[in-house]
2 protein chains.
Amino acid sequence: MAAAQNQSYWVSIEADVETYLKKAIPIRSPESVFEPMHHLTFAAPRTTAPALCVAACELVGGDRSRAMAAASAVHLMHAAAYIHEHLPLTDRPRPKPTVHHKYNPNIELLTGDGIIPFGLELLARSMDLAQNNQDKILRVIIEITRATGSQGVQEKEGELHACGAACGAILGGGDEEEIEKLRNFGLYAGMLRGLLGKNNSGIMEDKIEKLKALALKELESFQGKRTELIASLVEPSLRAAQK
Amino acid sequence: MAAAQNQSYWVSIEADVETYLKKAIPIRSPESVFEPMHHLTFAAPRTTAPALCVAACELVGGDRSRAMAAASAVHLMHAAAYIHEHLPLTDRPRPKPTVHHKYNPNIELLTGDGIIPFGLELLARSMDLAQNNQDKILRVIIEITRATGSQGVQEKEGELHACGAACGAILGGGDEEEIEKLRNFGLYAGMLRGLLGKNNSGIMEDKIEKLKALALKELESFQGKRTELIASLVEPSLRAAQK
């Protein structure tokens, strides 16, 4: 019963992020740019980091809508990294074939290059003079650029989730302690969900249990029904970000 | 005499941007990330777009320091584009050899990917609660991400200069009319300087004269000594951004 409620919570967030992204990246003119951008954005496998961004925003009392641009930017950074990781370079073959190579490498290179600033543009445009949220948006831009910039845009589930959770907490109006607790929760939860994708051996299960305990400890000071919802991200049985 | 003054104006701006960038990208830990980032940032050929950003800021009455982060970000976007344009992909040879290929393609790919968010991080960090300039910074982030995002990070001298000039005018406190005039000036001046890099034939000279006239027309409503300084960017005899 609780499991089903938790499940539907994540499903509803993921549907909202998907809708937001589809609206943000329509296939418009010039089609040579936006068609691959649209296709490659949605062809990249989903992670739970964008949904966690929204859940963290709601946990600290913010309205879901405040985190939509940031959640989308988190997905776009991941999508850009995924595209470039699967780019064939002269000194490496194309990493294991994936289903969606409709384009030649040059288009994939440029599309990944375009998706990074596009995600940050979405975020910058979500400033709202009435809400006076510019400082929060700038802080979130720093979070996302720092997570992707100096490391190159590399795929690290833990860091992507930590960044997503911190961004959601910032935008939802969390205090510094809440932001840092949710950042830590995201780090552990992201590492855990990254492991779930892999072949499950006995040693892995042990590691998963440890990460789960570490993650849940970060949530101890949070109150209310939403705490249970966000905590369910570390339940290995939760099916999230499937596509 | 005036020519020498103009020359030294651009030289002084370029030196300041160089100093700012060197401080912003020290070779720090992790060296595997920052060493290539530092090297490739300075190995990319210079354009006059960052200097124009600073000149536009000063023309509308802003202090030079206000435009430094934006000018650096403009160079970083250009450097990222340059690195990726010279990346060898399996469907194309390495475009004409350049001197600075110290790294393998995978490092060049990741470094370019990292430089884009890093440039935007610099910009976001330049927010100043005391100056209450967050809305200007967000607007400049939108300018830069729009110029690079939906087009992929492509090399277009005109657009890069237009973007740089608009950003400088915004940060310097220019009004909407000044911002648009300087954007147009940047577009023409950038196209002109792009042509200067090419082989100069008779037809080209004609084109350069036309661009110069269009550019100067945009400056007609500006007053004061600084107008002459910024106007000198369209003098084919001006040696700027040489490296």
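Side chains included, hydrogens not; waters and symmetry mates left out as well; all remaining heavy atoms used.
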Just do the side-chain contact (heavy atoms from CB on, under 4.5 Å) check on Asp113(B) and Asp113(A) with the steps written out, would you? CA-CA 7 Å; Asp113(B) 282 350; Asp113(A) 282 350; 3.6 Å; yes
Walk me through it: do Leu120(A) and Ile116(B) pass the test side-chain contact (heavy atoms from CB on, under 4.5 Å)? CA-CA 10 Å; Leu120(A) 296 163; Ile116(B) 303 168; 5.8 Å; no
Under the side-chain contact (heavy atoms from CB on, under 4.5 Å) rule, what do Ile137(A) and Gln134(B) come out as? Steps first, then yes or no, please. CA-CA 9 Å; Ile137(A) 303 259; Gln134(B) 295 108 299; over 6 Å; no
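Asn106(A) CG to Glu85(B) CD: the interatomic distance, rounded to the nearest 0.5 Å, is 9.0 Å. Remark: Thr90(A) OG1 to Leu87(B) CG distance equals 7.5 Å, nearest 0.5 Å.
Scanning all heavy atoms of the two residues, the minimum distance from Thr148(A) to Pro117(B) falls at OG1-CB, 3.5 Å. Nearest heavy-atom pair across Pro105(A) and Leu89(B) is C-CD1, 3.8 Å.
Around the CE atom of Met127(B), the shell of radius 6.0 Å holds more than 12 heavy atoms that belong to other residues, nucleotides or ligands.
Listed by chain and residue number, nothing satisfies the side chain to side chain donor-acceptor pair (under 3.5 Å) test with His75(A) (two or more places apart in sequence, or in another chain).
The shortest distance between side-chain heavy atoms of Ile141(B) and Glu121(A) does not fall below 4.5 Å. Using a 4.5 Å cut-off on side-chain heavy atoms (C-beta onward), Arg125(A) and Arg139(B) make no contact.
For a residue to count as touching a neighbouring chain, one of its non-hydrogen atoms must lie under 4.5 Å from one of that chain's; by this rule Leu138(B) touches chain A with backbone and side chain alike.
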